[in-house]
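Inspection log for the structure reproduced underneath, given as structure tokens.
As the structure lists them, so they are numbered: ligands from 1, and atoms in each ligand from 1. Everything quoted here is computed from the prediction, not taken from an experiment.
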Amino acid sequence: MSDLLIRGRVLTFVREPEGIDDTASYRFFEDGAVLVSSGKIAAVGPYGDVAKQADGGVPIADHRPHLVLPGLIDTHLHFPQTQAIASYGAQLLEWLNTYIFVEEQKFRAPEHAAFIAGRFTDELLSNGTTTAVAYCSVHPESVDAFFTAAEERNMLMIGGKVMMDRNAPDALRDTPERGYDETKQLIARWHRRGRAHYAVSPRFAITSTPEQMEMSRALVAEHPDCYVQTHLSENRDEIAFATSLFPEAKDYTDIYARYGLLGRKTLLGHCIHLSDREISVLAETGAVGVFCPTSNLFLGSGLFDRDRFDKLGARHSVATDVGAGTSFSMLETMGEAYKVLHLQGQRLSPLNSFYMMTLGNARALDLEDRIGSLHAGADADIVVLDSRAKPAMELRMQVASSLAEELFVLQTMGDDRSVTEVYVAGKPMQSGRVEVRRDVPRALETA
Ligand code: GUN
Ligand code: FE
């Protein structure tokens, strides 16, 4: 039984574009449609063809002239940092100590965690992001809040409790045993419940002792179906500190390699200052380097070298990294990605940007059968984008003459105002969304 016929200018990628003229990398239907049945996509194609397959009387959501795309995917961000975006003046280690390790202490209180989790997931949806990979705080309650908010909205989300047992305030430290036990319990409670996936999350080498890294190894070995997320080579002081803590390792990447943490399900935030040797290790293990352009600019961390990743055959994805990242919008993120690559003489075509936010990120998560493209059998996670959402965009679009140009306008000038609707498993979330609470509670006292 068909539930909904979504009509619009349908765009979906079938492979990575090889440049701005690569029209074979995507399918585009100027008058297209997506037929949704029981939360899944039943058919995609020209409106006339798809409409014939629908049951009589099926409701039609007519989004013409807007673009209909797969829901956007964000492969790295921090849900407890939602209220710490725009914290002034510091690079990574000082920023963590001054702002983030204070902010994350608030998540000991389940009511605060629940409040932020709701606002966080709504903010993702407002920006057209239907799947995200998130760090929670060290508190198991924050993971419960995160997955509860995702489940209420039926979103495919990936997340996990941060593990930290040194170089952080007492109130944010677990122990190797507690980190292990709490992670095991959370995996049992959440992994593959509905659309949830768990990510084992040692924060980074600086905040885990060798004993906790051993425990992380055990967790990863015991749960090969879970993701692994951590940070790698973001900032020069971080690299010097991390490698000083593990003097036996060849380099920063080797720390994670020695503890068995590198594999196809591993997401490594930043990867800015890596040697060829380190990128080759990522290529051999299948681990994914996560490019976070707004964060890397905001913290003054450096420029991600995408071409070297491609040359050495290593996988990469793209992400906001909120709250070092300055926007929840994947459109704004790709606008900044373009500039970061441009500064290095590298080019990012708008086709590649839209591929990266959708199918590219789905492939980085090995979830391309479910999300990231519009095909029969996939989950009906869909975003609708208006290329004329702001007066300046409308004016610019008056002289745009190709799809690629329109996409470039969207990534350069667009943000949440361009998102006119988002569907999660076939359900419209803008019109039928969980009510956004505007009554901001007073900041809770930290412990
Ligand atoms: N490295 C370790 N923790 C963090 C974090 O919360 N944000 C960023 N950008 N880098 C980190
Ligand atoms: Fe991060």
Could you tell me whether any N, O or S atom belonging to C292 is less than 2.8 Å from the Fe ion (ligand 2)? no
Closest heavy-atom pair, M213 versus S208, reported as atoms and distance to 0.1 Å, is SD-CB, 3.8 Å
Give the C-alpha distance, both sets of side-chain angles, the deciding distance and a yes or no for side chain to side chain contact (heavy atoms under 4.5 Å, CB included) between D379 and K40. CA-CA 4 Å; D379 298 348; K40 304 244 183 248; 2.9 Å; yes
Proximal heteroatom of D321 relative to the Fe ion (ligand 2) (N/O/S): OD1
Close approach, H270 and ligand 1, non-hydrogen under 4.0 angstrom: yes
For atom 10 (N) of ligand 1, closest protein heavy-atom neighbour: E234 OE1, 2.7 Å
Do you see a donor-acceptor pair shorter than 3.5 Å between the side chains of R363 and Y355? yes
Please give the atom name: the N, O or S atom of H76 nearest to the Fe ion (ligand 2). NE2
Which protein non-hydrogen atom lies closest to atom 3 (N) of ligand 1, naming both residue and atom, and how far is it? R203 NE, 2.8 Å
What do you reckon, does D321 have a nitrogen or oxygen under 3.5 Å from a nitrogen or oxygen of ligand 1? yes
With a 4.0 Å heavy-atom cut-off (strictly under), which part of I206 contacts ligand 1: side chain, backbone, both or neither? neither
How close do L351 and Y26 get, heavy atom to heavy atom, and via which atoms? CD2-CE2, 3.8 Å
Would you name the heavy atoms of L11 and P70 that are closest together and state the gap between them? O-CD, 3.5 Å
With heavy atoms of F204 as the reference, note each atom of ligand 1 found under 4.0 Å away. 1 (N), 2 (C)
Would you name the heavy atoms of Q212 and G179 that are closest together and state the gap between them? NE2-CA, 4.4 Å
Would you mind checking which non-hydrogen protein atom is closest to atom 1 (N) of ligand 1, with the distance to 0.1 Å? H231 CG, 3.4 Å
Test ring pair (Phe, Tyr, Trp, His ring centres under 6.0 Å), reference F79, set F107, F328, Y135, output is F107
Which heavy atom in Q91 sits nearest to a heavy atom in L299, and how many Å separate them? CG-O, 3.3 Å
Residue A324 vicinity, atoms of ligand 1 by number, heavy atom under 4.0 Å: 9 (N)
For D415, is there an ion pair with R417 - N to carboxylate O distance below 4.0 angstrom? yes
For the 3.5 Å polar cut-off, considering only N or O atoms, please tell me whether W95 and ligand 1 meet it. no
Give the atoms of ligand 1, by number and element, whose distance to some non-hydrogen atom of H78 is under 4.0 Å. 5 (C), 6 (O), 7 (N)
